[in-house]
Structure formats: C-alpha cells, structure tokens
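What follows is a short report on a single structure.
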Amino acid sequence: ILAFILHFCSFKIHVLNVYDMNKFVPVNTDLNLCNMKRDSCQFWLRIKTTFNLPEEVSNTASNVYWLQDCVLSLSPTNDLMVIAHEQKAVFLTPKWKANEKGREDMQYEVVWSGSLNAEDRYYVSLHQQKTSSTGRPDWTCIVVGFTSGYVRFYTESGVLLLAQLLNEDSILQLKCRTYEIPRHPGVTEQHEELSILYPSAVVTIDGFSLFQSLRACRNQVARAAASGQENVQPPPLAYKKWGLQDVDSIVDHTSVGVMALSPFDQMKTASVLGGFNASIKGSPPTMSQYITVGSNPFTGFFFALEGSTQPLLSHVALAVASKLTSALFSAASGWLGWKSKHEEEPHQRQKPKVEPATPLAVRFGLPDSRRHGESITLSPCNTLAAVTDDFGRVILLDVTRGVAVRMWKGYRDAQIGWMQTVEDPNERESERAHTSPFGNTHGPSRVAQFLVIYAPRRGILEVWSTQQGPRVGAFNVGKHCRLLYPGYKIMGLNNVTSQGWQPQTFQLCLIDPVSGNVRTINIPFHLALSDKKCERAKDMHLVKKLSTLLKAKVPNHGNDTPLVLYRKTALESIFASNRVSLSTLTSITQTLMDSLTSQELETVDEALLAFCEDKLKLLRLYESVKKIHSLPFSTTLLRLDENEFTRLQGLIRNYKQEHSRAGVRFAEDEDGVLPVKTFLEYLECDKNTVNMKKIEDEEYIALGDFFFWKCLHGECSTQDMCQTLEVAGFTPQLLLSLLLKVWLSKEREILENALSLCCLHSMLSLLSKMKVAIEESWDLQSVCPWWQQMRTACIQSTSNGAALLSAHIGHSIAASITNSLKSVQEDEGESMTDSWEALSLDTEYWKLLLKQLEDCLILQTLLRSKAIKNNARISSLQVEPLEKLSVKKLLEGGKGGVADTVAKWVFKQDVSPGLLKLAKEKKASGNTEEPVEKVLSLAYSHFPCSLDLDVVHAHCCWEYVVQWNKDPEEAQFLVRSVDHLKHVTNAHVQFGLSLMMWNTFIIKRFSAAAFLMEKVKFYPCFAISFQDVGMSDVAMTSFLGSCSDLIETMMEADVSSDEMQLPLLEVEDAWVTVEGPNSIVELALEQKHIHYPLVEHHFVLCAILYAILRFSLKSVKPLTLFDSKGKNAFFKDLTSIQLLPSGDFLMKLVTAAVQGLFNTQHPAESEASPEIPEKQVDWPMLAVELAKQLQVNEDTIWRHYVCELYSYGFDYIAEEAILQVMDQEVLASQLLILTGQRLAYALLHTQTKEGMELLARLPPTLCTWIKAMDPQDLQNTEVPIKTTAKLVDKVVELLPENHGQYGLALNLIEAVEAMSLL
C-alpha cells in the first residue's frame, strides 16, 4: 500500500502514521532531500512566474505567502492539480521523471496554463469532478466559478465544454456530492449533486444529468476537433435555484442531501404546528437539507421539499418562444454540426435570461449575533459537520438534531478535513468466531470518523476522534500549508457500477509549499477504540500487521533499502530499551558492524556503518567511566592557603546554618547510576569529537554527575577520568561546563564535605592543562576565555556558597598559571610592564567577582534568616518563598535591586522600622547581640549606599503597599507602609513616594469609598462596602485612617522640601555596572509639585469620611457639605490647579461689614435709627476664621477687606489692615486701580479750568490711563487729595521696582502733588 501511495503522489510523499506521535515517517527515505527541495522551489518559481507575481522567491517560508492567495484544488484520485489566481490558471498532472540518482519517481508537471476568461475574475473556489462510464477513472472535468455568476466546465487541456449564467452575482463556493453506498438498510440513498453558492441563493444541479451533458459535450468537442469544424453551443443545464431568506450574510454552505422524517418526528412536528387536532399524512415527506454559515444566524438550516419546484430550462423556453416554427430543426441541426457560424452569432450576442429564485426561508439555526462563521465541512457519513468562526473556534454540529455537540478553542484561521477509516474484516475474524452465537463471521465492517484540524498560526496538524473522543495525533507541519479536503469521490457511479470495484481515492492531503511535499494521513482503525496512550491496542495492531506481512509473498526487486531501514530501526529500538544490558548492547552493535565491514564496499550503507561506529564509541566510553568508578583510589589532599580558607569560614558558616534549615531532605540513591540508554540519548558523535544534544538542565546535571561526582568526593581518580574523557573526544569547555553544573547544583553536599574543595582544585587544574583549554594565542594583555566561562557560570548561579568557593579555587589556579606564563616570558627577555598590566587586569576581574559573590552570599544569608516575631497572625502573602539570588539578578535589578530584595525580606518577616534603624545604629557602634541584627548589620556594611536607611524605608513602604493592594483586607499592611513612609528623613523622597502611593493605589479606592458613603444613608455593611470598594467595613475604616496620615505626611513633606537638598543616589564600586529599571527613590524624585490647597481640600474630605466610619454617624452625606466647585475638585490630579471654593459669601460679608461701618458714620437724614443694643462682632475677622474652615484663601479675604476700606474712604483703618496681607504685590496692583478712580473723579467729574490745564500737562500715557478709569466703582468720592497722596505713596512702597506698573505709580506722585497745589 505504501509503495502505491508513493508512486501515486507528487513532489515527495510523506505518510503521516498517527500512531507514531509527533513525527513524520517518510516513505522514500533514500531520496536526496536537498535536490527535491531545490527542484520544488524551482517548480514553485515557475508557477509564480505564470501568475506574473513578483520574482522574490527563496527557500524561506516568508516568500510562499503568495500561494495562500491562490485557489488550489486536487482531484480525489490525485491525478490532477489546479492552481488559479485572478484570471489565470495552471493545470498539473503527475508524470514519471528520473531524478539525479537515476530512479524514476512521480512529480507534477504543468500540462496547461493560461487565462480561462479575460472578462471575469475567480472569487472563491475551484472544484473538480470525476466522470466515468465504466467505473474506472476516465477523464477529469474542472468546474470553475466566476464573479460574474458564470459557471464553466473545462477539460484537462483547458478546452471549454459548457458555460452557463445561473445568477447575476458572484459565486462564493462550489461543492460536489457523489454517490455513496448506504451502509445500513433504511438509510436514504443520496444522489450525485453539484451545488453552487451565491450571496443570497443556492443553485443545485443534478449529478446524473450533469454527467450525461458533460459526456455529450466532451464527445462533441472531440468530433469537432477531429473534423476541423467549429464547436456548437450545447443545450443548457437543468437546475434548481433557492433564494435563501432571513439571513444577513452567507459565506459557506453544504448540501446534506435528501432526508426523510421518521414517523415519530413527523407526528412531533405536526403536533407542535397543528395542535391536538393536527392531521398526519400517511407517508412522511422527503426534503433536501442545506446548512449555511455566516451571520445572523451563525448557522442556518434550510429544508426544501422534494417536488416543490421544477428544474429551470430558461434558455430552451426562450428559444421556443422566439422561433416556434424552426425550433426543432435548429436545435437538431446545431447539435449535429450543420449550423453555421453566422447563425450562432445572434444567440451569442443576446444576454441570457436568469430565472428568479424560489424563496426558501430558514427553518431554524444557531443564533449568535457576535459570532461569524467562516467555513463548514460535512463529514463523509453526512451526520456531522465542522464549522469554523472568527473567534478561533471549531464547532462540531449534529446535522440531524441541529445542535452543537463539541467545541475546540484556539484554532484561528483553521482548515478542516475528515478521515473515514474502515476496519479490516480479517482483523476481527478470531474475535467474532468466539463472540458470535451463530458463528457468522461476515457482516458490515465498522467505520470510524476522525476530524483533522490544521492550525496555520501554530503550524500544527491535529487528529481528533469524533464525537467526544480524544486527540489521537499531532504533527508539526509548518505555518504555510494548505489542507485539501475534496469531500467527494468519482462521479458517474451508481448502485450497480459501484458494487464490483471502486477506485482508490484520497480523502485528505496537506500541501507544504516550503518543502514542496504533498502529505497524506494514515489513521489506524484501533485509535477509535482506545485512548492515544493505550499501548496494548497499538501493540496488537502492530502484531497483526506484522503477521499479515509475513504471510504475504513480497516479490524481491533487488532493492535492499527496506533492509537497511529495518536494521537501523531495530538498533534504535534496542538502544531505547531500559532492560538491555551494556554487554548485550556492545555485542549487538559490534556484530552488526562486523557484518557491514565484511560486505563489499559498494553494497555497504555508509550511514548505518557510521551510526554503529558512533554508538560503539559511546558504549566503550560508558564502560570506561564505570571502571574508573569501581577502582580504589587514595586521594592526596591539595591544600588551599590557610589564611584564604580561614577567611571563607566566617562567611560560609552562617550561610551553611541557614541553608541547613531548609525543608525536607530525601536521601539520594548512592547506587544510582546513569542508565546506558539515557547516556546514549544525551550524547552524539561527530567524527572525532563527542557533543551534547539539546537537553534540559536536569539531564545536563545528571550527565555531569555521572562523570565527576565520585571524583569530587575523592572516590575515584580525577586524573584517569580527565584522561579518559579527553581521549573520547570531549572538549575542555564542555567538560568545564559539566563540572560546574554538578558543583553548583550539589551545594548542600559540597558544604558538608571539605574534601570536595581539594578535589575540585585538582579537577580544574587538570582541565586547564588540556590542549585546547587555554589557547596558545592568548596573551596576558587580554582576558582568558577559559576563565571567563567559569566566571560567567558563577555569576549566573543561585548557589552562592558553592559559587564563592569555586571562584576562590579558580582564582588560585588562574594566578598560578599566569605566574608561570610570566616567568616564561621573563626568561625569553620580554618586558615586565606588559605582563604586570595584564596580570592586574585579569586579577581585577577575579577580585570584582569575589567581592560580588561575597555580597550576594551575605544578602542571601539575610533572606534565609528569621526575625524575632510575636504570636501574630501571618498572612498568606507572607508565606510565599523568596527567590534565590545570583550576581546576575542583582546586576539586572537596577540601582534599587538590593534594597528591593531586603524589602521583600522585611515584608515576609514583618520586621518593624525600629529594628531596621536599631541595626543601623548598632552597626556604627559595633554592639550587636541578636543573629538577625548581626546579619543585617553585615549587609549594611557591605552595601552602605544601596542600603541607606531612607532607601530601605522607601522600598519597604512600596513593598507593603503593593502587597496590601493584592489583599485590601490586610489593613495592617497599609498601616505599616505609612509607618515606613514616616521614617523616611529626606522630604523629597518622602513627598514623591507619598504622591506615587496616592496616584497608584489609593485614589481609586478612596473615591469609591466617598461615593459609597454619599449614596447610602446608614453605616455601610460588609456586602455593600466589599462590592463597591473591594474591602470590608472594618478594613475601610482603617484604610481611611491611613489615607489621612498619608495626606498629612505629603503636606508636611511638601513644606519641608523647600529647605532640604536632593539626596545623592550612589552605588558601591563593585556594583557600578548595574542595569535595569529605575529604583523607587529615583521615581519618587521625578514627581511634580502638588497644588497645596487641593491637597488640603482632600484632607478635609478624608477626615470627614474617617470620622463618619469611626463613630458610625448616620444620615451624613460627606460630598453635600461642599459646594459645586468643591465637589468637582475632588479626585483630580493633585498636581493640577482646580477651581476650589471661592468664598463669594465671605466677600459679600466683608463688603456688608464695611458698608455698615460707613452707614454708622454717615446716617441718612430721612431715616430714624432706633436704638437697639447689638452684640459687637468683628465681622472681617470672623470672615477670616470662616475662610480657614471653608478652605478659602485667607489672604484673599484680607485683600478684599483692604480694598473695600479704601473704596469707602477709611484709609486710616486700611493702613492697619494692610499689615495682615501676605501677597502685598497683588494688593498694590488693586490699590493702584483705586487711586486712578479717585484722580479720574477729581479731574474729569468737576472739570474745572485748573484741572483741565493740569490734565493737559500730564504725560500722555498717564492721561490716557486716568481717562480709562471708572469712578462709579468708588463708594465714597469725597476723599481729600492729601489722603489720596498717602495712598499713592503706599502703592509705591508696596510695588517692587521691577514691576510693570512701578513707573505709572511714580507719575501719579507728581500728579497728586500738582493737584494738591490747586
């Protein structure tokens, strides 16, 4: 079967065996893949050139997008492929062609290309039909739909057979249904049919009449071509047209076929529609079912009763009506070839008549206004259909019931196909013989259906068992493939011709334009009976298949390719087994290798021989390593420097103690050895070298453990191990990587075994002396790549103790090697200067790494230590473990990475701010008693800049508020956050941090709490407060109290920041290369200044809200206590300037008070003022006091009071009130206007001769300004000029010299002096 498929398909065929998961199984593995890919790319280039597309083609997948825009169709028997784009099309057929090796294989070649119709353009689909008169494939007809509404039929050579206009609209889809033998009695026999979808109509053409017409047209074309005459116009086709109603849009359809209701369904429908007295026909009606996908409804079901409409023959009717007398003769003569070309022209010029569609309303559907269908694919058994939509879903429909039975998510732009697998009757003979009570082993075979889904965005092809079965296969196929599912077979068959023989057809195939392959899918029937992980069903299937192959007589064609494949596959299976011993594997591999070498050189498969050599080499390496492990060994300790080792003890001791506290330990299996199967899977040979495959870190560590763990424990010889691995072909860089992986991953065991330090020193020394370890071209003026690899591993490791020890050992070995190289260069007479510079450069890298590792070790020790805690409740957020640190993480954490790490530890241990300050003070004095304080003081000493107290408090404040935002019910987190904020001494940092907290976390919940308390009339209960604010009533009370403290701290910091300098953010010398996000302190210093009155405005609201909840006040609406301007100013950006309460009432109060004072001194003569005792109230002072409560600027009230006093002529009182004004510059500008109004009244209102002369002598600017003044605003115009002169002097005194109106005020002095002399 596989050989038949191979020769039948095009390009290069791969069969997808579903039971071999996640890989393709190529059938023709001996073919040259590179040549095939190259030929395929050239083939696609030729096709692309035919369509006049851009000449940008290469072997990459990004240049094959053009195929996605083409219409692609493949015949069911795979003997014709058609690719179309716009007006052009290419027909391809498989032909035998010799490849570069001389072997014959099948490849597609272009048999015809050109434009099918220059007037129209293809729109959607291109379908093919098979026609046959004998039951075998005879010829192929290509059916093409156009945007003009025409449907045209062509032969394989591009000759037009028939063209007809069925509807004046673009064709959306063409689908065909062929004859299928009914599997069960009682199933309605389905006839052949061609359905054509238009935007609002469906046209169906009967398959039998279409088959007869196309066969007659093909014979007529053949006769016309043989006789040299021109072809005549064939008669039109009979068709049915249904106008689909009650649907917004249709994009795809399927014709289910003729169906008949069961008696139960007939009675149910009649009773629902007609009620109790409904009449039922004797025989249930038959109807044709159509399903559409689109929008509104998403899926529509249409039913057309058989016999309700007659086939339309519009062209015949028109011809009979126009020429009644010669209709028969003209039709007969034209069909027999007697009609001339001149007689055909009138009919060709006349536009064909299009018959109207018969209305067909949708009976029911799946209504989903937001979902739009994209495609629908009917199953081979006509009972299920798969629908795709724009939401990336694949929905499985039950066609009979009209319901969705399953949905798959995550398949956007999916392509759907079906596979129907029939069980082999021979596989069930033994089972049926035992289970059948009648002993009858014959009967219908079982049929299983599988849904194939291709997701192009993920590049995966999946096979699912329907209806509710599991996924039985998944393949990575690329993102640019096309899944072709014809959905039909051979046309022209019936119940007689289909009984004896049916041609082999392919149900589904996948075309990959990148590699040029056409892939088919092979699904075993047993996958429908069990889960994909059922090994028993798979093994049974393989055993039965093997038995069938052994019984069959396979002819020998002289080709040993299957034998080579079987040998390699068998060898791979043996290596994959866990039960085969090392000696057995070695014996099998050696035997096969000896067999290959004994053959003739021409017949030996070089790939299989190389495979055996590589495996044998790895097996011998594995055996050598095990022998080294078993040999006894006496270690000679290689001591490190005593001072260096003593210095490390103090750092490692605390780290080891905290490390030993970690959770449960499981004893490792001492006898556990890496299996030979796993060993072979990890390594691969490449000529004389051994390389690692791409494996996981755990597997990487397991291999290094197998090589070096016993060496590090002193249980085997390090020298023998290094020598064995070097001879095997391992590079020193790979061995160093494996050694460091093991060392850094076994930190706990290493810290408990002091002997491992000496063993590591010995192992590193031996690896460094290998040939390729340290390059000969390396000089002392550059950094050694060998040691740089080791430093990089230490930087990335989270095992800080092991990394620090390995770095000290590496530093020691590197220094000794550098000194030896230096001495050699001195002996050769080189200069000392360059050597000392290079030595200092490499030493600085090691010193920098050692300093960073020590700092990271101390920080990690702090994170593992536990603070002294009371029996307080621990939140679930504080139980989460902290991440392990590494030098790389600290370097990528930015300037605030260290402080942020300490802040996480502070939050987890709930360390109080006082303890942080106490540890800082004891660090300065050196008096530390508690272990936590000691470690914290040590961290302060190693990070004096990064762990500055203000920086630590800032990060702790932010960490607490972030954790509080995750769970607002933990109100103590926000309280502790504000507590840390208050401990920040720098006002700039404190202000910026409080503003960030307000904008990021507080404002949203604060506004929600205010609106909630404004809405309800009683104390908020738990349910209401939790729904609106996200916290309970108790937590909300604490939240508002913390908000009050936060705003108050913000206002105090804003005032104090004017008298304080910005802090200097410095970093330790060892960490100057940090990169990453900005720290919290840096972000806090970038905050803008606030509008202080707006913050005070929010503080008043916060205090009111807190008081309402604290004392459970009822029927208090906090927002109604403020006017409209005050309400609008709430919850706005604190840095913006908002319209706050203006205090118009207070302004009127001050004006009325001054007016009352004026009336008491100037009573009206007509009024008799009764003597009524009144309480003496200082109304202006009262207005100032009220301004404080109503958030009105007090200075505005004082300025208004002074202006009103001058307006009423109380200059002596105003001079005293001026002392209360803060912004005297603004007051001077206002008083200057009053002065101008007084002078305008004195000069212009009286209009004396002396006054006019004085006005003429004034400067023009001053004269114009006085004339512009309006004296009507003055309340008292009888003010002496000398009093006005004092007012002018006061204005000049208040105005600064650089003020714009200062010159005008000086001119007023001269004018007033001149007026006083009049």
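Between Thr584 and Ser581, the side chains place a donor N or O and an acceptor N or O closer than 3.5 Å (distance only, hydrogens not considered). Checking Asp594 against Gln590 by side-chain atom types alone, a donor-acceptor pair falls below 3.5 Å. In this model, a donor atom of one side chain and an acceptor atom of the other lie less than 3.5 Å apart for Thr718 and Ser762.
Under a cut-off of 6.0 angstrom, the local environment of NZ in Lys615 is crowded, with over 12 non-hydrogen atoms contributed by other residues, nucleotides or ligands. No more than 12 heavy atoms of other residues, nucleotides or ligands sit less than 6.0 Å from atom CD of Gln719.
Residues Lys866 and Gln909 share a closest heavy-atom pair of CA-OE1, 3.7 Å. Taking each heavy atom of Leu947 and Ala939 in turn, the nearest pair found is CD1-O, 3.6 Å. The two residues Glu883 and Leu863 have their closest heavy-atom pair at O-CD1, 4.3 Å. The minimum heavy-atom distance between Ile795 and Ser886, with the atom names listed, is O-CB, 3.7 Å. Here the closest non-hydrogen pair linking Leu877 and Gln963 is CD1-O, 3.4 Å. Taking every heavy atom of both residues into account, Leu853 and Cys794 meet most closely at CD2-O, 3.9 Å.
A distance-only check finds a donor-acceptor pair linking the side chain of Ser806 to the backbone of Ala802 [under 3.5 Å]. Checked by atom type and distance alone, the side chain of Lys710 never pairs as donor or acceptor with a backbone atom of Glu715 at under 3.5 Å. For Ser812 (side chain) and His808 (main-chain N/O), no donor-acceptor pair under 3.5 Å exists by modelled atom type. Panel note: side chain Lys908, backbone Glu880; a donor-acceptor pair is recorded below 3.5 Å. Put simply, the side chain of Glu699 gets close to the backbone of Glu696: a donor and an acceptor are under 3.5 Å apart. Checked by atom type and distance alone, the side chain of Ser797 never pairs as donor or acceptor with a backbone atom of Ala803 at under 3.5 Å. Remark: side-chain polar atoms of Thr589 are not paired, donor with acceptor, to backbone N or O of Thr586 under 3.5 angstrom. Using a distance-only test at 3.5 Å, with no hydrogens or angles considered, a donor-acceptor pair links the side chain of Glu747 to the main chain of Gly801.
Here Glu1068 pairs with Ser946 under the side chain to side chain donor-acceptor pair (under 3.5 Å) rule; sequence neighbours left out. Qualifying salt bridge (charged side-chain N to carboxylate O under 4.0 Å, His left out) partners for Lys889, counting only residues two or more places apart in sequence or in other chains: none.
The structure places CG of Leu760 at 9.0 Å from CG of Leu805, a figure rounded to the nearest 0.5 Å. The CD atom of Glu623 sits 12.0 Å away from the OG1 atom of Thr724 when rounded to the nearest 0.5 Å. Taken from NZ in Lys746 to CG in Leu751, the straight-line distance is 13.5 Å, to the nearest 0.5 Å. Going from atom OG1 of Thr1073 over to atom CD of Gln852 covers 6.0 Å, rounded to the nearest 0.5 Å. Taking SG of Cys759 as the start and CG of Leu764 as the end, the distance is 11.5 Å to the nearest 0.5 Å. In this structure, NE2 in His713 is found 8.5 Å from CG in Leu755, a value given to the nearest 0.5 Å.
Two residues are said to be in side-chain contact when any heavy atoms from C-beta on lie closer than 4.5 Å; Thr678 and Leu703 fail this criterion. Using a 4.5 Å cut-off on side-chain heavy atoms (C-beta onward), Leu621 and Leu725 make contact. Proximity of Val906 to Cys956: side-chain heavy atoms (C-beta onward) are separated by under 4.5 Å at one or more points. Residues Phe943 and Val902 have side chains not in contact (no heavy-atom distance under 4.5 Å, counting atoms from C-beta outward). With contacts defined as side-chain heavy-atom distances shorter than 4.5 Å, the pair Ser799/Trp743 does not qualify. A 4.5 Å side-chain heavy-atom check between Trp905 and Val911 finds at least one atom pair inside the cut-off. Contact of the Trp1071 side chain with the Asp855 side chain is registered, since non-hydrogen atoms from C-beta on lie closer than 4.5 Å. Between Leu680 and Leu619 there is a side-chain heavy-atom pair separated by less than 4.5 Å.
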Determine, stepwise, if the pair Trp846 / Met790 fulfils side-chain contact (heavy atoms from CB on, under 4.5 Å).
-> CA-CA 11 Å; Trp846 280 109; Met790 184 174 180; 4.3 Å; yes

Under the side-chain contact (heavy atoms from CB on, under 4.5 Å) rule, what do Trp787 and Tyr845 come out as? Steps first, then yes or no, please.
-> CA-CA 10 Å; Trp787 300 119; Tyr845 274 105; over 6 Å; no

Are Gln860 and Arg864 close enough, and set up right, to give a side-chain contact (heavy atoms from CB on, under 4.5 Å), and what steps lead you there?
-> CA-CA 6 Å; Gln860 185 65 54; Arg864 291 177 177 176; 3.6 Å; yes

Can you list the steps and then say if Leu916 with Tyr940 is a side-chain contact (heavy atoms from CB on, under 4.5 Å)?
-> CA-CA 10 Å; Leu916 296 177; Tyr940 282 147; 3.9 Å; yes

Exercise answer: donor-acceptor pairs, residues 727-742 side-chain atoms, under 3.5 Å, sequence neighbours excluded:
from	atom 1	to	atom 2	distance (Å)
Thr731	OG1	Leu734	N	3.3
Gln733	NE2	Val772	O	3.2
Ser737	OG	Tyr700	OH	3.0

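Ion pairing between a basic and an acidic side chain is recognised when a charged N comes within 4.0 Å of a carboxylate O; Glu681 and Lys693 show no such pairing.
In this pair, Phe707 and Phe679 present their aromatic rings perpendicular. The plane angle is above 60°, beyond the 30 to 60° band.
Both the sub-6.0 Å distance and the 45° axial angle are not jointly satisfied by Lys677 relative to the ring of Phe575.
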